[in-house]
Student: 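Got a structure here, written out as structure tokens. Questions coming.
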Amino acid sequence: SLMAISARVKSSALIKDHPMFRAWGEWSSAFLAEYIDRFTEESGAPYENPHYTLGVTLMCAIDANNLLLENNLPDAFAAAPKFERMARFIPNWLTPCDPRYTDHRVVLPVGNCSYQSYRAEIDGLVTYYKTRNPKLAEELQWTFNQTRSEETHVKVMDKETPPALGSAV
């Protein structure tokens, strides 16, 4: 569903002069917000495998929402009450520092899925929260950088703040 929404938003951005452009964007924003809330627990835990959430769902959502905002369309993340809870939950997928990965943390491996580090596309969350919630942006930047080598660190915020980590279940 989110891959389709992302494609719909990208396609409609190519024809901004179409009379339905605004209506398509508003509908897409509302669908994205509803999807996020429907498939996220009250705790902020998504109902999906962490790696699918990180590798597909959030990547499509970030792409779509960025295009919505660039075109002065509604902010789907702000309209989804559970989205910020999900962003706060993401750090709970970190493992302790692991000597097998030069003492970096890794994203909790589940089943046959395993990103050892957060993908660069997820950095869009740090940018999104930079002015909306700077403390959360600092926590997300710290989280993402725990899994990466120095040369690939996110450098959006001037400082990083470790979040209060909890259980991933």
Side-chain angles (χ1 to χ4, degrees), residues 2-3 5-7 9-10 13 25 28-29 32-33 35-37 39-41 43-46 48-98 101-110 113-168:
L2 288 192
M3 285 186 269
I5 286 298
S6 182
V9 171
K10 289 174 184 175
S28 298
S29 178
L32 178 54
Y35 183 96
I36 291 165
D37 280 347
F39 294 104
T40 305
E41 294 185 33
S43 67
E48 300 172 317
N49 174 310
H51 300 276
Y52 192 84
T53 298
L54 294 171
V56 178
T57 303
L58 280 175
M59 298 309 97
C60 291
I62 290 168
D63 281 349
N65 202 56
N66 284 344
L67 272 171
L68 292 168
L69 294 174
E70 288 170 18
N71 289 286
N72 297 313
L73 291 162
D75 182 346
F77 294 168
K82 294 181 184 175
F83 186 78
E84 188 169 316
R85 284 183 241 163
M86 183 187 354
R88 291 185 178 287
F89 187 85
I90 290 171
N92 294 318
W93 287 331
L94 283 177
T95 64
C97 296
D98 191 327
Y101 302 104
T102 61
D103 284 330
H104 286 95
R105 298 171 186 261
V106 296
V107 180
L108 180 71
V110 177
C113 297
S114 181
Y115 291 125
Q116 293 172 351
S117 60
Y118 287 98
R119 296 173 53 169
E121 295 89 348
I122 197 98
D123 300 352
L125 288 179
V126 178
T127 304
Y128 178 80
Y129 283 112
K130 181 178 181 174
T131 57
R132 291 170 179 88
N133 186 335
K135 183 177 184 302
L136 179 56
E138 292 170 1
E139 291 174 354
L140 290 169
Q141 181 169 300
W142 179 90
T143 298
F144 304 153
N145 287 344
Q146 292 298 299
T147 67
R148 299 176 179 169
S149 62
E150 181 70 35
E151 62 273 5
T152 62
H153 274 191
V154 185
K155 295 179 173 87
V156 173
M157 303 301 289
D158 292 333
K159 70 175 195 163
E160 297 178 5
T161 304
L165 299 175
S167 173

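We're numbering straight along the sequence, starting at 1.
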Student: Do any N or O atoms from the side chain of Gln141 and from the backbone of Met157 form a donor-acceptor pair under 3.5 angstrom?
Tutor: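 Side chain of Gln141 to backbone of Met157: a pair is present.
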Student: Name all residues meeting the side chain to side chain contact (heavy atoms under 4.5 Å, CB included) criterion together with Asp37; count only those two or more places apart in sequence or in a different chain, and write none if there are none.
Tutor: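 Here the qualifying residues are Ala80, Pro81, Lys82.
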Student: Search all heavy atoms of Phe89 against all heavy atoms of Gly44 and return the closest pair with its distance.
Tutor: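 Heavy-atom minimum between the residues: CB-O, 3.6 Å.
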Student: When rounded to the nearest 0.5 angstrom, what distance separates CZ in Arg119 from CZ in Arg148?
Tutor: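 The distance works out to 10.5 Å.
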Student: Of the non-hydrogen atoms in Leu94 and Arg105, which two are nearest, and what is the gap between them?
Tutor: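 Reported closest heavy-atom pair: CD1-CD, 3.8 Å.
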Student: So how far is it from Asp123 CG to Ile62 CD1, rounded to the nearest 0.5 Å?
Tutor: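 Rounded to the nearest 0.5 Å, the CG-CD1 separation comes out at 8.5 Å.
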Student: Has the side chain of Asn71 got a donor or acceptor atom that lies under 3.5 Å from a matching backbone atom of Leu67?
Tutor: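 Answer holds: yes.
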Student: State which residues pass side chain to side chain contact (heavy atoms under 4.5 Å, CB included) with Glu151; sequence neighbours excluded, sorted by chain then number.
Tutor: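 Result, side chain to side chain contact (heavy atoms under 4.5 Å, CB included) vs Glu151: Ser149.
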Student: For residues Glu138 and Thr161, report the shortest heavy-atom separation together with the two atoms involved.
Tutor: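 Here Glu138 and Thr161 meet closest at OE1-OG1, 2.7 Å.
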Student: Could you tell me whether the side chain of Ser28 and the main chain of Val9 form a donor-acceptor pair under 3.5 Å?
Tutor: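 Side chain of Ser28 to backbone of Val9, a donor-acceptor pair under 3.5 Å: no, none is there.
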Student: Does atom CG (Asp158) have a neighbourhood of more than 12 heavy atoms from anything else shown, all under 6.0 Å?
Tutor: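 Atom CG in Asp158 is not packed in, count stays at 12 or less.
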Student: Can you list the residues that meet the side chain to side chain contact (heavy atoms under 4.5 Å, CB included) rule with Glu41, with sequence neighbours excluded?
Tutor: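 Once residues adjacent in sequence are excluded, the partners of Glu41 under the side chain to side chain contact (heavy atoms under 4.5 Å, CB included) criterion are Ser43, Ala45, Tyr47.
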Student: By ring pair (Phe, Tyr, Trp, His ring centres under 6.0 Å), which residues pair with Phe83, not counting sequence neighbours?
Tutor: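 Partners of Phe83 by the ring pair (Phe, Tyr, Trp, His ring centres under 6.0 Å) criterion, ordered by chain and then number, come out as Phe77.
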Student: Run the side-chain hydrogen bond (donor to acceptor under 3.5 Å, both in side chains) test against Thr131 and tell me which residues pass, sequence neighbours left out.
Tutor: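 Partners of Thr131 by the side-chain hydrogen bond (donor to acceptor under 3.5 Å, both in side chains) criterion come out as none, since no residue qualifies.
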Student: So which atom in Ala33 and which in Ala76 form the shortest heavy-atom distance, rounded to 0.1 Å?
Tutor: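 The answer is CB-O, 3.5 Å.
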Student: Does the side chain to side chain contact (heavy atoms under 4.5 Å, CB included) test come out yes or no for Glu84 and Tyr129, once each step is laid out?
Tutor: CA-CA 9 Å; Glu84 188 169 316; Tyr129 283 112; 3.6 Å; yes
Student: Go through the structure and list residues passing ring pair (Phe, Tyr, Trp, His ring centres under 6.0 Å) with Tyr35, not counting sequence neighbours.
Tutor: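 Ring pair (Phe, Tyr, Trp, His ring centres under 6.0 Å) list for Tyr35, sorted by chain: Phe39.
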Student: Could you give the distance from CG (Asn145) to CD (Glu150), rounded to the nearest 0.5 Å?
Tutor: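 Rounded to the nearest 0.5 Å, the CG-CD separation comes out at 8.0 Å.
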Student: Which pairs count as ring-ring contact (aromatic ring centres under 6.0 Å, His included) when at least one residue sits in residues 136-166, sequence neighbours excluded?
Tutor: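 Every pair satisfying ring-ring contact (aromatic ring centres under 6.0 Å, His included) with a residue in residues 136-166: Tyr118-Phe144.
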Student: How long is the straight-line distance from CD1 of Ile122 back to CG of Leu140, given to the nearest 0.5 Å?
Tutor: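 Going from the CG atom of Leu140 to the CD1 atom of Ile122 covers 8.0 Å.
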Student: Determine which pairs satisfy salt bridge (Lys or Arg N to Asp or Glu O under 4.0 Å) with at least one residue from residues 58-74, sequence neighbours left out, and list them in order.
Tutor: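 For residues 58-74, and leaving out neighbouring residues, the salt bridge (Lys or Arg N to Asp or Glu O under 4.0 Å) pairs sorted by first residue read Lys10-Asp63.
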Student: Which residues satisfy the side chain to side chain contact (heavy atoms under 4.5 Å, CB included) test with Thr127, sequence neighbours excluded?
Tutor: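 Residues passing side chain to side chain contact (heavy atoms under 4.5 Å, CB included) with Thr127: Val156.
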Student: Between Pro163 and Pro91, what is the shortest heavy-atom contact and its length?
Tutor: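 Shortest heavy-atom contact: CG-CB, 3.7 Å.
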Student: Between Asp75 and Ser29, what is the shortest heavy-atom contact and its length?
Tutor: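 Taking Asp75 first and Ser29 second, the nearest heavy atoms are C-OG, 4.0 Å.
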Student: Residues two or more places apart in sequence or in another chain: which of them pass side-chain hydrogen bond (donor to acceptor under 3.5 Å, both in side chains) with Glu48?
Tutor: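 side-chain hydrogen bond (donor to acceptor under 3.5 Å, both in side chains) list for Glu48, sorted by chain: Thr53, Thr57.
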Student: In Å and rounded to the nearest 0.5 Å, what is the CG to CG distance from Leu125 to Asn65?
Tutor: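 With rounding to 0.5 Å, CG (Leu125) is 10.0 Å from CG (Asn65).
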Student: Counting neighbours of NZ on Lys159 that are heavy atoms of other residues, nucleotides or ligands and sit closer than 6.0 Å, is the number greater than 12?
Tutor: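 Open: at most 12 neighbouring heavy atoms sit under 6.0 Å from NZ of Lys159.
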Student: Using the side-chain hydrogen bond (donor to acceptor under 3.5 Å, both in side chains) criterion, which residues pair with Thr143? Sequence neighbours excluded.
Tutor: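 Residues passing side-chain hydrogen bond (donor to acceptor under 3.5 Å, both in side chains) with Thr143: none at all.
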Student: Please enumerate all residues that pass side-chain hydrogen bond (donor to acceptor under 3.5 Å, both in side chains) together with Thr147, with sequence neighbours excluded.
Tutor: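 None.
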Student: Give, for atom CG of Leu2 and atom CD1 of Ile36, the distance between the pair rounded to the nearest 0.5 Å.
Tutor: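 One finds 7.0 Å between CG of Leu2 and CD1 of Ile36.
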